[in-house]
Number of protein chains: 2
Amino acid sequence: MATPQTLDRTLAALADPTRRAILQRLSSGEARVTEVARPFSMSLNAVSKHILVLERAKLVRRRRVGRDHFLSYRPEPLDAAAKWMAETRNFWAGRLDALEQLLRDEDAAKP
Amino acid sequence: MATPQTLDRTLAALADPTRRAILQRLSSGEARVTEVARPFSMSLNAVSKHILVLERAKLVRRRRVGRDHFLSYRPEPLDAAAKWMAETRNFWAGRLDALEQLLRDEDAAKP
DNA sequence: AATATATTCAACTATTTAGTTGAATGTAAA
DNA sequence: TTTACATTCAACTAAATAGTTGAATATATT
């Protein structure tokens with residue numbers, strides 16, 4: 001698990017604003033393909049392809065119910081990305097603190 | 001700062017094993033282009049292009065001294081990536097813990 | 001001054017990617 | 001059973017990417 005290619009696919013999948021927006025949408029719950037596509041100005045087919053990319057990267061899972069395909073966010077592949085960052089040590093030395101602070105700030109901002 | 005395009009460039013730059021290897025090499029200190037290129041089986045020119053990609057993503061900085069170009073790792077752009085992950089909350093709920101554990105394990109493994 | 005070294009530039013090719021449109025498939029509703 | 005809906009498949013185009021080779025530029029070394 002976490003072969004270089006897996007990491008490639010994970011990071012490449014994230015390196016697109018449409019796909020990140022899709023994930024953000026899904027991070028607040030399941031949705032069907034059409035629902036996911038609605039906010040975007042591109043064709044449904046284009047979004048369908050983006051979803052395929054996310055699926056290949058295992059960042060999205062598909063549950064078929066009749067003609068509807070329900071999509072959900074699977075965060076697991078990000079572990080490998082985080083691990084890579086952790087191994088490239090310079091980043092985390094003194095930077096994990098900043099990240100934790102940032103998370104604390106976000107928590108504090110929520111009621 | 002941290003426009004979507006910046007994130008795109010950061011993540012796209014990381015989504016290549018050659019470039020990640022270059023960064024890992026640089027994370028243990030400055031090196032010249034030729035030195036960085038040596039371990040790879042591709043041409044010097046190809047590596048030079050990878051370096052350019054990393055430079056555009058601000059993950060690598062170049063210091064010119066005569067004909068030598070010294071390259072160094074700049075981890076700052078990863079902040080935006082970490083922030084994006086933090087915002088896609090599901091990941092961090094219950095997963096930041098795992099990451100911290102992982103870091104602690106790595107620390108423990110070092111003398 | 002001549003030569004060697006470090007690096008980029010330029011031109012080219014092959015592959016991948018993001019998008020399009022139109023047709024096909026399968027399921028649900030009238 | 002006809003029609004509408006959800007989704008993908010197929011074929012295509014335009015642009016980006018990763019690699020190549022060969023020439024150019026600039027700096028060191030002899």
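All of these numbers come straight from a predicted model, not from anything done at the bench. Each chain gets a letter, A, B and so on, in the order its sequence line appears, and its residues count up from 1.
- A:L52 and A:F40 are assigned to two separate hydrophobic clusters, defined by single-linkage of ILVMFWY side chains at heavy-atom distances under 4.5 Å.
- Put simply, B:S43 has a side-chain N or O that comes within less than 4.0 Å of OP1 or OP2 on D:dT20.
- Side chain of A:R19, nearest nucleotide from C:dA18, D:dT7, C:dT20: C:dA18.
- Considering CZ of B:R38 and CG of B:L44, their distance stands at 10.5 Å, rounded to 0.5 Å.
- Looking at A:R19, its side chain does come within 3.5 Å of a backbone N or O of A:A12 through a donor-acceptor pair.
- Distance CZ (A:F40) to C1' (C:dT20): 18 Å, rounded to an integer number of Å.
- For the atom pair CZ of A:R32 and NE2 of A:H69, the computed distance is 11.0 Å after rounding to the nearest 0.5 Å.
- If you measure from atom CG of A:D68 to atom P of D:dC5, you get 13 Å, rounded to the nearest angstrom.
- Atoms CZ (A:R38) and P (D:dC5) sit 13 Å apart, rounded to a whole Å.
- Here the C1' atom of nucleotide C:dT17 and the CE atom of A:M42 are 13 Å apart, to the nearest Å.
- By the side-chain hydrogen bond (donor to acceptor under 3.5 Å, both in side chains) test, A:D8 pairs with B:R20, sequence neighbours left out.
- Among the protein residues, B:R64 comes within range of no part of the nucleic acid, since none of its heavy atoms lies under 4.0 Å from any strand.
- If you check residues 46-59 of chain A against DNA chain D, the residues with a heavy atom closer than 4.0 Å are A:S48, A:K49, listed by number.
- Cluster annotation: B:M42 and B:V36 are assigned to the same hydrophobic cluster (Ile/Leu/Val/Met/Phe/Trp/Tyr, side-chain heavy-atom contacts under 4.5 Å, transitive).
- We find the CG-CG distance between A:L54 and A:D16 to be 8.5 Å, quoted to the nearest 0.5 Å.
- Rounding to whole angstrom units, CZ of residue B:R32 and P of D:dA26 are separated by 20 Å.
- A heavy-atom distance below 4.5 Å is not found between the side chains of A:R25 and A:Y73.
- Nucleotide D:dA6 holds its P atom 9 Å from the CD atom of A:E35, rounded to whole Å.
- Distance, A:D16 CG to C:dG19 C1': 11 Å, rounded to whole Å.
- The two residues A:P77 and A:A57 make their nearest non-hydrogen contact at CG-O, 3.4 Å.
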Sub-3.5 Å pairs of nitrogen or oxygen atoms, protein against nucleotides 23-30 of chain C:
none

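- When the nearest nucleotides of DNA chain C are assigned to B:H69 and A:A15 by heavy-atom distance, the more 5′-ward of the two goes with B:H69.
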